[in-house]
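We count ligands from 1, going down the list as the structure has it; atoms in each ligand are counted the same way. This one's a predicted model, so the numbers in the text were calculated from it and none came from an experiment.
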Amino acid sequence: MTAVLTQALRFADLDSPTVVFDSDLGHDLDDTIALAVLAKTVRNLVVVTNDEPLARPRAQFARALLDAMGRPEVIVVAGHQLHGSEDRFLMDGVVPHSTPSFTDVAAVLAQVCETSTGPVIWIGAGPATNLSTLFVTSPHLIEKIQVTMQGGWLDHYRRPDRASHNPRMDPAAFGLMLRAAHQPRLVFSTHTNIGTLAVTTSSPLYAALTAPDAPPWTRLPAVHAQRWLAHRPSSWMNDPATVAAALGLPVVDFATETVRIAPDARLHRDPHGRQIQVSTSLDGPAVMNWISTTLALPDPQSGSADHPITSGR
Ligand SMILES: [Ca+2]
């Protein structure tokens, strides 16, 4: 755990690497937890949203959460829309309306990468649309961007008939990104869809977020937790685990595999394919401990989890 915290502290420095968080914030709860952890950890942070509904509410949600966490300087870029995006946004009615300041993904992210003195750490926590766009418009930046993306599986998955969520939402973008990226790493869904990463209404994290004495910044995450868990048994902390891996925390092991990328974004072993880095194991309890330590939420008062705030949904 000490090694985990020491590594994370490296990103608090003024001259620490730029980290881009590319997220479909406002669907599964794990993006919100990942952004909160990043806001507490990374000095040079940029957020870009993907799978945006038409009004770009994910960017508005990111802006509101970052402002509430005392990070108004973090740039938020409203990214691309995908078919059906509206059905994958749970925070209608609670996110303050604001007009996103930045909407040109290719131009803004190219400038972010060009002005960064060192490599840019890109955390793919949603479909790959933004990154594939950037690769097409600014291929000279490809070697400068270190990609760690959540998603994919090999050999076994709970739904072997399809790719996992992030690759599947935009399979062409995923295929292009994975072929073009410089030494990309995938944190497989096989390793993040695990019990030790599951947050439920019985979890300490849920109780801490929804407690009456929780800090003010938890208001939106608490609503999000209630809305997601009203219809699902749990939220796996896929994206916080990917953040941890991207920041170099010793919680995910990787190995090189040679794979073929199918048109539907599924990966298959193929000796004539291309080499990518994929996760081989993940320490779920270490990730959960890191989340808890980083967010530093007070222990909820006894019984407070029985009185969650009203979500209005
Ligand atoms: Ca996500």
Side-chain angles (χ1 to χ4, degrees), residues 19-39 42 45-53 56-62 65-66 76-91 95 105 121-132 147-153 157-159 162-171 173-174 177-178 184-194 197-199 205 220-221 224-225 227-229 231-232 234-247 252 265 279 282 284 287-288 291:
V19 176
V20 176
F21 182 56
D22 186 359
S23 166
D24 55 351
L25 189 75
H27 185 215
D28 194 332
L29 175 65
D30 64 325
D31 294 75
T32 296
I33 303 302
L35 180 56
V37 168
L38 283 164
V42 172
L45 178 63
V46 175
V47 176
V48 56
T49 58
N50 56 58
D51 193 21
E52 273 283 15
R56 296 172 168 128
R58 300 195 200 280
Q60 297 171 34
F61 182 16
L65 181 56
L66 287 162
V76 176
V77 188
H80 291 286
Q81 187 178 20
L82 291 174
H83 179 72
S85 298
E86 275 77 7
D87 297 335
R88 295 185 289 271
F89 185 71
L90 301 185
M91 296 295 282
V95 175
V105 170
I121 294 173
W122 189 292
I123 303 169
T129 323
N130 293 324
L131 194 49
S132 67
V147 180
T148 304
M149 178 171 172
Q150 197 285 321
W153 57 269
Y157 187 54
R158 59 193 171 87
R159 285 290 305 268
R162 65 185 195 182
S164 64
H165 182 83
N166 290 340
R168 189 177 76 247
M169 285 297 102
D170 192 343
F174 178 76
M177 181 283 293
L178 205 54
R185 299 191 303 175
L186 295 179
V187 178
F188 275 167
S189 297
T190 329
H191 298 125
T192 58
N193 292 187
I194 56 174
L197 284 182
V199 170
L205 181 60
L220 290 173
H224 192 190
R227 290 189 176 184
W228 177 264
L229 293 172
H231 303 287
R232 311 259 185 155
S234 69
S235 170
W236 289 301
M237 293 295 107
N238 309 286
D239 294 335
T242 307
V243 169
L247 299 187
V252 182
S279 60
L282 187 152
V287 172
M288 296 305 288
I291 294 170

Quiz item: How is the N/O/S atom of Asp239 that comes nearest to the Ca ion (ligand 1) named?
Solution: OD2
Practice problem: Test salt bridge (charged side-chain N to carboxylate O under 4.0 Å, His left out) on Asp24 and Arg88 and set out the steps. | Solution: CA-CA 9 Å; Asp24 55 351; Arg88 295 185 289 271; over 6 Å; no
Quiz item: If the Ca ion (ligand 1) is the vertex, what is the angle to O of Ala125 and OD2 of Asp31, rounded to 10 degrees?
Solution: 80°
Quiz prompt | Between Ser235 and Asp30, a side-chain donor and acceptor under 3.5 Å | solution = no
Quiz item: Quick one: does Glu52's side chain get under 4.5 Å of Ser85's, heavy atoms only?
Solution: no
Quiz prompt | Residue from Val76, Val95, Asp51 passing side-chain contact (heavy atoms from CB on, under 4.5 Å) with Arg58 | solution = Asp51
Quiz item: Can you tell me the N, O or S atom of Asp24 that's nearest the Ca ion (ligand 1)?
Solution: OD1
